[in-house]
Amino acid sequence: MYQQKQFFKKTRGGKILKVHREHYLRDDIVCGSLACTTCAHGDSTVLSSEAAQYLLIDTNVALHQMDLLENAAIADVIVPEVVLSEVQARNKAIHGRLRLLVADKSRRFFVFSNEHHKDTFVKTEKGEIVNDRNDRAIRRATTWYQSHLAGKTPDVLLLTNDADNARRARDEGAAAQTVYAYVQSRTDKPELLDFVARTGDTGGEAAGPSAEGDAGPQAKRRMLYAEHKGMAELTAGLQKGLFHQGKLRVNRFNCFEAYVGSQSVGKEILIQGREDLNRAVDGDVVAVELLPPEQWKGPEGGIFREHDEEEEGVAENAEEGAGLAPEIAEDAPGAALENLDIGKEGGRVPTGRVVGIIKRNWRNYAGSLEPMKGPGGSGAMAHPLFVSVDRRVPKIRIQTRQLANLADKRIIVAIDKWDRTSRYPEGHYIKTLGDIGDRATESELLLMENDINTRPFSQAVLNCLPPLPWSVSDADVAKPWRADLRNLRVCSVDPIGCRDIDDALHCTALPNGNFEIGVHIADVTNFVHPETPLDLEAADRGTSVYLVERRIDMLPKPLTEDICSLRADVDRLAFSVIWEMTPSADIVKSHYTKSIIRSSAALSYPEAQARMDDPHMSDPLTEDLRNLNRLAKIMRQRRTERGALTLASPEVKFEIDTETHNPLDVGMYQIREANQMIEEYMLLANVSVAEKILKHFPSCSLLRRHPVPTPQMFEPLLRTAAAVGIELDVGSSKALADSLDRAQGSDPYFNKLIRILATRCMTQAVYFCSGELSPPEYHHYGLASPLYTHFTSPIRRYADVVVHRLLAAALNLTPLPERTRDKKSMHDLSDGLNYRHRNAQMAGRASVELHTLIFFKDRAVDAEARIVKVRSNGFIVFVPKYGIEGPVYLTKKPDKGAGPDPNDDFVVDEEHQTITSKDKRQTYKVLDTVTVHIEVQEPQPHRPKLILTLASDSKEQDGFA
Amino acid sequence: MGEENAVKTPGDILGRVSEYTSGRGTHVRGDHICASIVGQQSISAPAAGASDKAQLPVIEVINGKERSAVPETGSTVTAKVVRIDHRKATADILCVGLRAVTQKFTGIIRQQDVRATEIDKVEIATSFRPGDIVRAEVLSLGDARAYYLSTAKNELGVVFAKSPAGVRMVPVSWEKMQCPKTKVIELRKVAKT
Amino acid sequence: MEYVSPEGLRLDGRRPKEVRQLKCELAVLHRADGSAYLEMGNTKVLATVYGPHEVSQRSQSLHDRALVHCEYSMATFSTGERRRRPKGDRRSVELSLVIRQSMEAAILTHLLPRTQIDIYVQVLQADGGTRAACINAATLALADAGVPMRDLVASCAAGYLNGTPLLDLNYVEDSAGGPDLTVALLPKAEKVTLLQMDSKLPLDTFEAVLGLAMDGCKAIAAHMRQALLEHTRKQAVVRGPVRL
């Protein structure tokens, strides 16, 4: 019962190794069925004796039909060991899911160790390939089960989509069926059919129509796309330099335009058009062949409008609606496009086409079905198109029997395959989230799309919390390294309604005329210890996510709102940075310590501002605030002189109805002096701590940098400014800051508008590990600081927790955890934090957009807007009051099939950034003020869109979408 | 019978110290006698004429394998004289008892060990010559270089010698040997057969 | 990577407490005083014993006991890739020392003063557990040579992967990076002559793994004993009854 397995393996170095493994055959392997009388029954005996039949699955069924298998209606399944190990080798995610199914006793999935059972072991015959041998093993297992359970009720049915395998099985006496046939036979659960994934080997049984209409035999369908080249050809081509490899990034605002970042070409390769994209999906790693230079294109200049193509029976009406105004470069539409100056080189960039897919990165997509005329009766098969909320993903065709149910719901769909003959990829439905437009569903959707973990904290995490109710204990006070600062007059200033108070300040006048100023940050690392479940969960979440109506915490509520929060009138633990400052805000000395504080007041920004402004108030706390404010202003002035940028963001704030949670009013966020004061001290604390930790840990400090924007990124700003006669110097941050100050225009809002546009050119600030980059690269452009980190908000940001640990180690209070010393894990951590930060930002924006839509749903409003960009068929406006930005179309939407109306043409002047009507009656220039009409329209049922039109002209131009 | 001759492996317990004496191929551990080698167990009667302590039967493990012989104190060896000088004769031990040795052992016959009487008047040259085969007894393990042999018994001494003519000499007396061809007498310390 | 499947089977189909297939043959080389060939799964080891004989370097001879000398080497073809191993490289010196110490504890050296016993162990094919296989092979070779020993030295390796103690790791399981514990035991006396471990283990797990390894040693010792008995019986048939 001893076998030897021999096979050849290729090592990384290219050598061929002969691998020799032992393979023992056993006689103590059970069959797992309760109906069996010969095998010993134990813990693993799960197959019920009542089942109609046992299903035995083969590898392809396991790999492709996982969603079907996960459906509760499928139970009593035998998974042969050979299938399980093949799935593990091919797809780890599916393997994980299969393992979960096996572990769940109620599903009655049994893993049969056929490879080690002496009766079912199959030895590879001479010349037999691995797949054939595995198929033979699976068939052998089926026949064994049949003979083993002969006479007992349950039959064994082999589920396979491979027709050849099924035929051979039947020849050997086993019962075999395709998945589709089996699901059809399950008349008790007709909805199972929806879950069947379409794969290449459905063999025409699951006749899914392509966009061409009725299902004709495969051969008749046209090949719409070029063939993908095989892996061998691709590798050869890559090595020779014929092809280039890179990740596909689809333009968010034009899903038929994409970029492949390629190191071999040096620039990004543009892929334009459906055919050239050749069935590649955003995120896939693709191989690209460059087109000859004369075919190189420029990116499309217009606002994207999806053209009606030969779609049957579906009304395409996908125009852009308005959305939240972008803040930085990555948010702005066609960001990548802007970088490639249209003016230069005739707007040509290296263009190519996809010749092969190296790695698919499909995931589950959330969205909803495109409305279509349903088939006759309910329960009949329909093939609707699924539109994902992520605009970069193509539409997906699925088949379902419950079209009526799913029509106005948000659903999740996965892609199965994309044939050459099919215009759209084919996929299958996974589950429903809820109704479209329903705030809870939409919130859940945007959280899902941004990979935000909203699950409640597990018990393991909650067990890490100290027992409640918690208060500062004598042991804490007794610690010699914890300074007792409860005698200081500490206060905190935060937004209204804030309950997680990270930071507090104090200001004491010293006898020598200087001030002692302290910033006290919640001592979160006292409760969150490295490598505990709490710590790992927080590291994974990375940051708290702020949606309009709720907050998804990084740490459990007891910590964020009570134990760590520096609430008023209670003793709390803190990490303090204390400076001695002269009246002209020069720092004489600074020191860091852990401390205990007692905040005397938790003020809100309006409150603090009111107190400072009120001449009648002169209590000590208000005096402290005024001192702080005065010093803060000096520091701010100094920063500006050094070149810090004062940028503006179009942040809006919602007033939410407490009952319905619907937005009552929305307005621009008010920045007061108090806000700026707190900001100054937080910046100062962050910079000081950054210096301290870098001194002690030059190679593993977690810092934050802001890369300098490239000249190309400033192009749109410069063009816009030039068009209105403003000269901006973008040589350095100081130069930019000065020229922004000088930029004054016709109205008071002008300067703010220019600043907002300048902000759009900025890159995203990122976390990094100090050991990875050289000191000049640590620079933070926006703050004009050589060094920066995040220290002041450990309750809502994990980076601050890490910096707290670094600072504590620098002060020799606690040793630095292993993970923080390891460069690779710091690199991974900072990548993870950057990812989470970005996602949290995008989720926040999406939430604001959602609430904006809800707000305008029953209101149509006219508001003042400024033109920020001029396009070939209209312009883009920004509405300051609501912080939204969107397109206003000037030309009529072309009718189906017809070209643009020549009379309707508008002429664009690139240099002056104006658009003029053909009859020269109307001219619009960038930064002009116009009045727009904002309303929500539903061109398709349950597909609300925020539409902007020119209010002054809305009488003249009717019939506009 | 079968039990008595059962094959034992090292570490197997053979009996108690109180019941048996440990013999060849066994050792004592605690109050048990254990086998040391692989072989057949054999129990024999206690040695005759031994003190009352050794009245217990001897249990041994016997290995039929031909092990290379090693000279032990008191054993009779057959050696070939290699070298002589005034004070000693150096000889290569060829056999231990009846068994040939598989490797070279060197023995030294000191002047005082040649014979039992008048030991200080012994001349090595008149006792041995290089090339003689002698039968000797191992006195002790000697030093690092050689065993100490002794021929100080009547039956020990030269058993084979060649004359200058190349012919085997015949013993005449306890100190003379004669070549049958040339009738020359040579002086040796001859073993009494 | 899963080394123990949830069904309780390891990569090669054994259960966690099962030793690989063991094959031994004695007296494979006639010129040597004692020799043995041992296979533990795919690990194949050849051991030869020369002695007891006179010490080759007089200066090193011990006046009251035998000198045990051991040399361990791996054939160039023993691993997947042919690799030339220099004679005095660190690993083989360490293993030679380890085997020597282990065997010395069992040999009754005081019975053989001023002699030398040479043990040569050659690994022909390595698939995990070479240390243990070498010690086992050396024991058999010594028993075959008739060198008096206190007890057979049996050796076995054990590890801890996927939360389960595993007995007799093969190469794949060994390279998993988990702890690897080798134990050499005098089974009847329950005395340990070698205990080596790499990596780290918490103390209570260590006890479990050690207990498992010792059980493995006992099982291997029983098998070796059986092989010795078989061999002696066959020899007795060939040679005839024993002569004194």
Side-chain angles (χ1 to χ4, degrees), chain B residues 1-2 4-14 22-30 32-42 44 58 60-73 92-93 97-99 101-107 138 140-147, chain C residues 26-27 33-34 50-64 106-108 110-116 139-140 142-154 186-189 191 221-222 224-233 235-236 238-244:
Chain B
M1 263 303 246
E4 236 196 33
N5 289 335
V7 179
K8 295 289 173 186
T9 54
D12 283 349
I13 295 179
L14 303 173
S22 93
R24 252 191 304 167
T26 65
H27 67 280
V28 173
R29 191 179 74 222
H32 289 287
I33 300 181
C34 304
S36 301
I37 54 175
V38 179
Q40 282 180 322
Q41 171 191 307
S42 114
S44 47
V58 179
E60 306 173 311
V61 178
I62 306 201
N63 193 336
K65 192 170 175 180
E66 297 288 325
R67 265 202 39 226
S68 59
V70 174
E72 277 154 45
T73 319
D92 273 349
I93 299 174
L98 291 171
R99 289 154 69 202
V101 290
T102 43
Q103 63 165 176
K104 191 169 112 145
F105 291 105
T106 314
V138 177
S140 71
L141 298 179
D143 58 22
R145 289 188 297 271
Y147 288 89
Chain C
L26 290 159
D33 288 325
Y50 289 89
H53 62 84
E54 205 168 296
V55 182
S56 46
Q57 276 172 309
R58 279 289 170 78
S59 49
Q60 283 183 352
S61 94
L62 300 164
H63 69 282
D64 58 345
I107 300 176
L108 294 164
H110 61 91
L111 288 181
L112 307 159
R114 298 218 185 153
T115 60
Q116 182 178 331
T139 306
L140 286 173
L142 284 168
D144 184 45
V147 173
M149 291 195 284
R150 283 199 184 86
D151 196 352
L152 293 177
V153 186
L186 298 176
K188 294 269 164 98
K191 288 218 163 64
M224 289 203 292
R225 232 172 269 277
Q226 197 56 38
L228 284 171
L229 295 177
E230 277 296 314
H231 175 78
T232 316
R233 278 201 202 103
Q235 291 240 305
V238 167
R239 221 185 276 136
V242 173
R243 267 179 244 282
L244 282 172

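Below, each value reflects all heavy atoms present in this structure, side chains not excepted, and no hydrogens, waters or symmetry copies. Chain letters run A, B, ... following the sequence lines, proteins first and then strands; every chain starts at 1.
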Flag the one option from [options] with the top tally of heavy-atom pairs under 4.5 Å to chain B.
options: C/Leu142, C/Asp151, C/Thr115; result: C/Asp151
options: C/Leu228, C/Thr139, C/Val55; result: C/Leu228
options: C/Ala189, C/Ser61, C/Ser59, C/Pro113; result: C/Ala189

Side-chain contact test, heavy atoms from C-beta onward, threshold under 4.5 Å: evaluate it for [X] versus [Y] and give yes or no.
X: B/Gln40; Y: C/Thr232; value: no
X: C/Leu229; Y: B/Thr9; value: yes
X: B/Leu141; Y: C/His63; value: no

- Query: Heavy-atom distance under 4.5 Å to chain B: side chain of C/Arg114, backbone, both or neither?
  - Reply: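 Side chain only.
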- Query: Which region of C/Leu152, side chain (C-beta onward) or backbone (N, CA, C, O), has a non-hydrogen atom less than 4.5 Å from a non-hydrogen atom of chain B, or is it both or neither?
  - Reply: both
- Task: Could you tell me which non-hydrogen atom of C/Ala143 sits nearest to which non-hydrogen atom of B/Val38, and how far apart they are?
- Result: CB-CG2, 3.6 Å
- Taking every non-hydrogen atom, the tightest pair across B/Ile37 and C/Pro148: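 Scanning both residues, the minimum pair turns out to be CG2-CA, 3.5 Å.
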- Message: Only pairs of heavy atoms separated by less than 4.5 Å count here; which of B/Pro10, B/Gly30, B/Gly25 has the most with chain C?
- Response: B/Pro10
- Item | Residue from C/Arg150, C/His110, C/Met149 passing side-chain contact (heavy atoms from CB on, under 4.5 Å) with B/His27 | C/Arg150
